[in-house]
Amino acid sequence: MPELPEVETVKRGLLKLIVGKTIKFIEHDWPKSFPNSEFDVTSFLVGASIKNVRRRAKVLIIDLSTGYSLVIHLKMTGQMVYVKRKQIEDSRLKNEDAVDEIDPQFSISNSQSLNSEDIRFGAGHPNDSLIKELPDKSTRVIFVFNDDSHLYFNDQRKFGWVRLMPTIEVPNIDFMKKVGPEPLEPEFTAEVFINRIQKRANTTIKAAILDQTVLAGVGNIYADESLWGANIHPASRVFDVPLAKLKKLHFEIVFVLNLSINKGGSTSRNYVNAEGKRGSYLEFARVFRRENLPCPRCATIIKKIRVAGRGTHVCPKCQVLPKKLVNI
DNA sequence: CACTTGACCTGTCCGC
DNA sequence: TGCGGACAGGTCAAGT
C-alpha cells in the first residue's frame with residue numbers, strides 16, 4: 001500500500017479538492033470495504049459536508065460537518081481518486097484544446113499508456129496517470145458531491161476499508177490506540193526512536209521499523225531505503241545494532257519520508273494520488289526494486305532477500321550483518 | 001510475553 | 001498459449 005508519504009500526498013490532494021463539498025450520494029459494492037454498513041451509511045452521509053482531511057500513520061481521516069468521520073485504510077492497493085465528472089466526459093468527447101475553463105490539474109490523461117518497465121522502476125513522469133476511466137472494476141465506493149464531482153475509493157485487492165464513526169471515537173479504535181509516534185513530528189527525536197526500538201531487541205531491525213507500534217508510517221519501501229541509508233543489514237537483530245547506527249537510522253527514516261513526500265510518493269504498481277497521478281520517488285530509490293542493479297554508493301550488485309516475511313533489497317557490501325557473537 | 005507465520009484478495013509475472 | 005506457483009506497498013489473528 002501506500003505508506004506514510006503516499007497517504008500524506010493523498011491527504012494534501014483531498015484537502016485542496018474536496019473540503020467544503022457536500023455529499024449528495026454514495027454507492028458501495030463491496031461490504032468489506034465499508035464494514036459498518038449494517039446501519040444505513042447513506043443516511044449518515046448524504047447532506048454532510050467535508051470539513052477537514054487528516055492523516056494518522058497510514059490512515060486517512062475525513063471529518064464531516066455532522067460530527068462523524070470517514071476513516072480509511074488503503075492497505076496495499078487502495079486509491080482515493082477525485083474526478084470532476086464533467087471532465088471525464090469532456091476528455092472522452094472533445095480534443096485537447098477544448099479544456100479551457102477546466103483546471104488542468106484535474107485533467108485525467110488517457111493518452112499515456114505505461115509499459116510494465118515504467119511501472120516497475122517508476123520511470124514515468126510524475127504527471128503520468130494510471131487511471132484511464134472510472135469507475136473501473138476495482139472501484140468499491142463512490143462519493144458523489146453536490147457539484148457532481150466524484151471521489152472514488154478503488155482497491156484491487158479488497159484489503160482496504162472505509163469506516164464511518166463519530167469523530168470523537170476515532171482515537172479510540174484499536175489501531176489508533178496502539179500506533180507509535182508520527183516520524184515527521186518534532187517530538188520524534190532520535191532518543192524517542194532508540195528508546196522505543198530497543199524494546200524490540202530480539203527481532204530483526206527491519207521487522208522493528210515496520211512495526212507500527214514502534215513508529216507510524218514506515219512500510220516495505222522506506223524500510224529498505226532507510227536501512228540502506230544507515231548501512232544496516234535488515235536482518236540484523238536490534239540488540240546488535242550500535243547506537244550510532246540507530247541514530248543514523250532515525251535520521252534516514254525522516255529523510256526518506258520527507259524526500260518521498262516531496263516527490264509525490266512512490267508508484268511501483270498502482271498507487272496514485274488524489275488526482276489519479278503517479279508518484280516519482282522510485283526514480284530516486286537507492287535499493288528498493290533495484291535488485292541486480294549496482295548500488296549507488298559502491299556499485300556492488302544489489303540483492304533481493306527475504307526478511308520479516310517481506311521482499312527485502314540490500315547491498316551486500318554496504319549492509320553487512322554483524323558478526324555472530326562467539327560463544328566461550 | 002515476544003516473535004513469526006498465515007490469511008485476507010486480485011492481478012501479474014515467470015518458468016515449465 | 002496454458003497452467004501453477006510465487007509475489008505485490010499492510011495488518012490482524014493464530015501459531016510457536
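Only heavy atoms go into these numbers, but all of them, side chains included; no hydrogens, no water, no symmetry mates. Lettering follows sequence order; numbering is per chain, from 1.
Scanning for side chain to side chain contact (heavy atoms under 4.5 Å, CB included) contacts around A/Ile173 gives A/Val71, A/Met165, A/Met176, with sequence neighbours left out. By the ring pair (Phe, Tyr, Trp, His ring centres under 6.0 Å) test, A/Phe153 pairs with no residue at all, sequence neighbours left out. Remark: A/Gln79 engages A/Asn154 in a side chain to side chain donor-acceptor pair (under 3.5 Å) (not counting sequence neighbours). Checked against ring pair (Phe, Tyr, Trp, His ring centres under 6.0 Å), A/His233 has no partners two or more places apart in sequence or in another chain. Under the rule for a ring pair (Phe, Tyr, Trp, His ring centres under 6.0 Å), the partners of A/Phe188 that lie at least two apart in sequence or sit in another chain are A/Phe193, A/His250.
A/Ser266 comes within contact range of at least one nucleobase, with a heavy-atom separation under 4.0 Å.
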Original post:
How would DNA chain B look in dot-bracket form, 5' to 3', counting Watson-Crick and G-U wobble pairs with both distances under 3.5 Å and writing | for bases paired to another strand?
Top reply: .|||||||.|||||||

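Pairs passing the salt bridge (charged side-chain N to carboxylate O under 4.0 Å, His left out) check and including a residue from residues 157-170 of chain A, sequence neighbours excluded, do not occur. Pairs of residues two or more places apart, or lying in two chains, that qualify as salt bridge (charged side-chain N to carboxylate O under 4.0 Å, His left out) and include a residue from residues 217-237 of chain A are A/Lys206-A/Asp224, A/Glu225-A/Arg286. Counting only residues at least two apart or in different chains, salt bridge (charged side-chain N to carboxylate O under 4.0 Å, His left out) contacts with residues 208-220 of chain A comprise A/Arg200-A/Asp211.
Per the geometry, CG belonging to A/Asp224 stands 11 Å off C1' belonging to C/dG9, to the nearest Å. The separation between A/Gln198 atom CD and B/dA2 atom P is 15 Å, rounded to whole Å. Atom P of nucleotide C/dG10 and atom CG of A/Asp155 are separated by 13 Å, given to the nearest angstrom. Following rounding to the nearest Å, A/Lys206 (NZ) and C/dG9 (P) show an atom-to-atom distance of 8 Å. Rounded to whole Å, atom C1' of B/dT10 lies 8 Å from atom CZ of A/Phe159. The interatomic distance linking A/Asn270 (CG) with C/dG9 (C1') rounds to 9 Å, in whole Å. Between A/Asn292 atom CG and B/dC14 atom P there is a gap of 12 Å when expressed in whole angstrom units. Residue A/Asn154 contributes atom CG, which lies 14 Å from atom C1' of B/dT10 at whole-angstrom precision.
The phosphate of C/dG10 (OP1 or OP2) has no side-chain N or O of A/Gln212 nearer than 4.0 angstrom. Taking side-chain N and O atoms only, A/Lys58 has no distance below 4.0 Å to OP1 or OP2 of C/dG9. Taking only side-chain nitrogens and oxygens, A/His73 comes nearer than 4.0 Å to OP1 or OP2 of C/dT11. Taking 4.0 angstrom as the limit, A/Thr203 places a side-chain polar atom (N or O) nearer than this to OP1 or OP2 of B/dT4.
Taking the six-membered ring where the residue is Trp, A/Phe145 and A/Tyr82 present tilted rings, their angle falling between 30° and 60°.
Distance check on atom P: B/dA7 versus C/dG5 gives 15 Å, rounded to whole Å. Taking the P atom of each, B/dG6 and C/dA6 are spaced 12 Å apart, rounded to whole Å. Comparing C/dC12 with B/dG11, their P atoms sit 24 Å apart, to the nearest whole Å. Rounded to whole Å, the separation between the P atoms of B/dC3 and C/dG9 comes to 23 Å.
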With 3.5 Å as the limit, what N/O pairs link the protein to nucleotides 12-16 of chain C?
none

Interface polar pairs with nucleotides 6-8 of chain C, N/O, under 3.5 angstrom:
| residue | atom | partner | partner atom | Å |
| --- | --- | --- | --- | --- |
| C/dA8 | OP1 | A/Lys304 | NZ | 2.9 |
| C/dA8 | OP2 | A/Arg306 | NH2 | 2.8 |
| C/dA8 | N3 | A/Arg157 | NH1 | 3.3 |

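Using a distance-only test at 3.5 Å, with no hydrogens or angles considered, no donor-acceptor pair links the side chain of A/Arg290 to the main chain of A/Asn292.
A/Val307 shares a hydrophobic cluster with A/Ile305, A/Val314; the chain of contacts runs through ILVMFWY side chains whose heavy atoms sit under 4.5 Å apart.
The side-chain tip of A/Lys263 points at the ring of A/Phe284 from less than 6.0 angstrom away and within 45° of straight on.
Looking only at side-chain heavy atoms (C-beta outward), A/Leu227 and A/Gln319 come within less than 4.5 Å of each other.
Comparing atom distances between the A/Asn202 side chain and each of C/dG10, B/dC3, B/dG11 picks out B/dC3 as nearest.
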